[in-house]
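Below is one structure, written out as C-alpha cells; comments come after it.
Please read all numbers here as calculations on a predicted model, not as lab measurements. Below, chain A is the first sequence line, B the second, and so on; all start at residue 1. What you see below is based on every heavy atom in this structure, not just the backbone, and it leaves out hydrogens, waters and symmetry mates.
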Amino acid sequence: MMQSAADMPVWAAIAVAFFLLIGSGLALIGAIGFMRLPTFYERIHAPTLGTSWGIGGIMLASMIFFTVSSGRLVFHELLIGIFVTVTTPITFMLLARAALHRDRAEGNGNVPDKPNRSQPAREVLGESDPRRG
Amino acid sequence: MSAIILFTAVSIAQLMLAAAMAIASVRMFRGPRAQDRIIGLDTLYINAMLLLVTFGIGTGRVIYFEAALVMGMLGFVATVALAKFLMRGEVIE
Amino acid sequence: MLPYPLLTLSLILMWLLLNGFTPGHLVLGILVAVFASWAMASLRPEKPKLAKWYLLPKLFGIVLYDIVKSNIAVARIILKSGRRSHNPGFLTVPLDIENHTAIAVLAVVLTSTPGSAWLEYDSNDRTVLLHVLDLDNEAEWRDTIKNRYEKLLMEIFA
C-alpha cells in the first residue's frame, strides 16, 4: 500500500487529505441527518449533502492524488461527479413524486393537494368544446 | 511524511464513509415506509461508491474508479426502477 | 451531418476521458459520437436552443456558490441538538419559463442544492411544488428562485 505516496510533496498530501476529509465528513453528516430528521420530506434533503460536495470533495482529492502521483493530468473522476450530479435529482424527484402520490392516495400526512385549479379548467374546456367526446 | 498524512486521512475517511453506510442501512431496515427504504438504498450505494474511490486513493490503482463508475450507473437505474414501481405498482394499478 | 454538435463533442470528450488520449482512440471516439448523435436524431427529441451560451459559466458559478452555502446551512441544521430547530414546509412557486430544457435545468439545480427539493411541476397552471428544509422567510426563497435562477435561465434559453 502507498507505493507512490511516499514521494509525493507534502502540500499535495495535505490538499488530498483536506478534500478527502471534507467529502467524507459531509457524507457522514448527510447520513446522520437522514437518520435524525423526522419526516420523509425532510429526510430527502439530507443525502444531497453527500451527493453534492461530498462527492465533489472526494473527486477533487482523487484528481489531485492521481495527477501528482502519476505526473500527468488525470481528471476522469469528473465523469463520476457529473454523472451523479445529473442523476441524483432525477431519483429524488421520482421518489418524492411517488411519496406525494402515496400520501395523497392514502390521505395521511399534511401534504398539499394537487393544484386543483387545473382539473376544473380542463373539464370546462371539454364541455365548451362540442367536438370533444 | 506525506505517506503518513495520506494514510491517516484515507483511514479516517473510510471509517466515516463506513459509518455513513451503516447509518443508511439502519434507516433502510427501520424506515417506516417504502420510500424511506429506497432513499436508504440510494444513500448506501452512493457512500459505497465513495468508499471505492477512497480505496483507489489508498492503493494508488485506477481500477477502483471503473468499479465506482459501474456502481453509480447500476445504482441509479435500480433506484429509478424502484421509484417507478412505487408510483405504479402498489397504490395505483 | 451533425445534428447535435454539443452532444457529439461531449461524447468524444467522455470517450477520451475514459480511455486516455491516443490518436486511435480519438478516431474511434469520433466515430462512436457521430453514430450516437445520428441515433439521437432519429429519436427526434425537442432540440434545445441556446441563445446566450456565454452566460452558462455564470450560472455554473452561481450554482456552485449556492451549493456551498446551503451545504453549510443544512449541515448546521442537522448537527444542532434541538430537533425542532428548523421550520420545514412546502412552497408553491409560479414559473414563467416554458422551455422544457430550462425547466429541467432548474429542477436539477434546485434538487441538487441541499435544503430545497423539487417535488412536482404542473404544466397546466405552470406552478412548481417545492419542499424547503428551512422555510423561515418564504419571500426570500421565492426571490431566489425567480430572480437569481429563473431570469438567468430565461436569458440562456431564450
Side-chain angles (χ1 to χ4, degrees), chain A residues 22 25-26 28-54 56-57 72-79 82-93 95-97 99-101 110-119 121-122, chain C residues 10 13-21 63-64 66-81 83-92 94 104-134:
Chain A
I22 289 232
L26 277 174
L28 181 59
I29 291 173
I32 292 172
F34 182 57
M35 196 68 224
R36 282 183 60 182
L37 292 173
T39 66
F40 172 77
Y41 298 102
E42 286 165 73
R43 279 199 281 274
I44 210 169
H45 297 292
T48 46
L49 277 182
T51 58
S52 57
W53 271 103
R72 62 192 174 84
L73 206 57
V74 175
F75 50 103
H76 58 206
E77 282 84 357
L78 266 183
L79 279 181
I82 293 172
F83 186 75
V84 170
T85 352
V86 173
T87 55
T88 335
I90 300 172
T91 52
F92 283 9
M93 214 183 319
L95 270 174
R97 280 177 57 197
L100 269 179
H101 205 92
N110 39 7
V111 290
D113 283 336
K114 218 178 183 86
N116 47 7
R117 267 181 300 139
S118 56
Q119 202 56 37
R122 201 193 283 151
Chain C
S10 41
L13 269 180
M14 192 179 133
W15 186 271
L16 290 179
L17 275 178
L18 276 175
N19 293 307
F21 182 83
V63 169
L64 271 189
D66 284 357
I67 289 180
V68 171
K69 231 175 45 181
S70 61
N71 260 308
I72 296 170
V74 172
R76 191 174 289 156
I77 286 175
I78 289 173
L79 292 178
K80 248 186 219 164
S81 52
R83 278 206 149 198
R84 281 278 142 198
S85 58
H86 57 284
N87 177 23
F90 292 93
L91 184 64
T92 311
V105 172
L106 185 62
V108 168
V109 165
L110 283 177
T111 313
S112 59
T113 310
S116 59
W118 178 286
L119 298 188
E120 65 179 359
Y121 175 71
D122 190 329
S123 55
N124 281 328
D125 44 9
R126 292 199 287 160
T127 57
V128 58
L129 181 66
L130 302 169
H131 187 270
V132 177
L133 188 58
D134 200 357

Are any non-hydrogen side-chain atoms of [X] and [Y] less than 4.5 angstrom apart?
X: C/T113; Y: A/T48; result: no
X: A/L49; Y: C/I78; result: yes
X: C/L18; Y: A/H76; result: no
X: A/Y41; Y: C/F90; result: yes
X: C/V108; Y: A/V86; result: no
X: C/L133; Y: A/E42; result: yes

Test item: A/H45 side-chain N/O and C/P114 main-chain N/O as donor-acceptor pair under 3.5 Å | no
Grab the two heavy atoms, one from C/S112 and one from A/S52, that are nearest each other, plus how far apart they are.
-> O-CB, 3.8 Å
Heavy-atom closest pair (C/M14 atom, A/L79 atom, distance to 0.1 Å) is CG-CD2, 3.5 Å
Please flag which part of A/L26 lies under 4.5 Å from any non-hydrogen atom of chain C: side chain, backbone, both or neither.
-> side chain
At a heavy-atom separation under 4.5 Å, does A/F34 approach chain C through its side chain, its backbone, both, or neither?
-> neither
Hey, mind stepping through C/L129 and A/L100 against side-chain contact (heavy atoms from CB on, under 4.5 Å) and telling me if it holds?
-> CA-CA 11 Å; C/L129 181 66; A/L100 269 179; 3.9 Å; yes
Any chance you could measure [X], atom [atom1], to [Y], atom [atom2], to the nearest 0.5 Å?
X: A/I82; Y: C/S10; atom1: CD1; atom2: OG; answer: 9.0 Å
X: A/F75; Y: C/L17; atom1: CZ; atom2: CG; answer: 5.5 Å
X: A/T39; Y: C/H131; atom1: OG1; atom2: NE2; answer: 5.5 Å
X: A/M93; Y: C/L110; atom1: CE; atom2: CG; answer: 9.5 Å

Residues in side-chain hydrogen bond (donor to acceptor under 3.5 Å, both in side chains) contact with A/R97, at least two apart in sequence or another chain | none
Set of residues satisfying side-chain hydrogen bond (donor to acceptor under 3.5 Å, both in side chains) with respect to A/T88, sequence neighbours excluded | none
What option among A/G30, A/A46, A/G33, A/G54 has the most heavy-atom pairs under 4.5 Å with chain C?
-> A/G33
C/V109 versus chain A, the contacting section by heavy-atom distance below 4.5 Å | neither
Relative to chain A, which of C/N71, C/L64, C/T111 shows the most heavy atom pairs under 4.5 Å?
-> C/N71
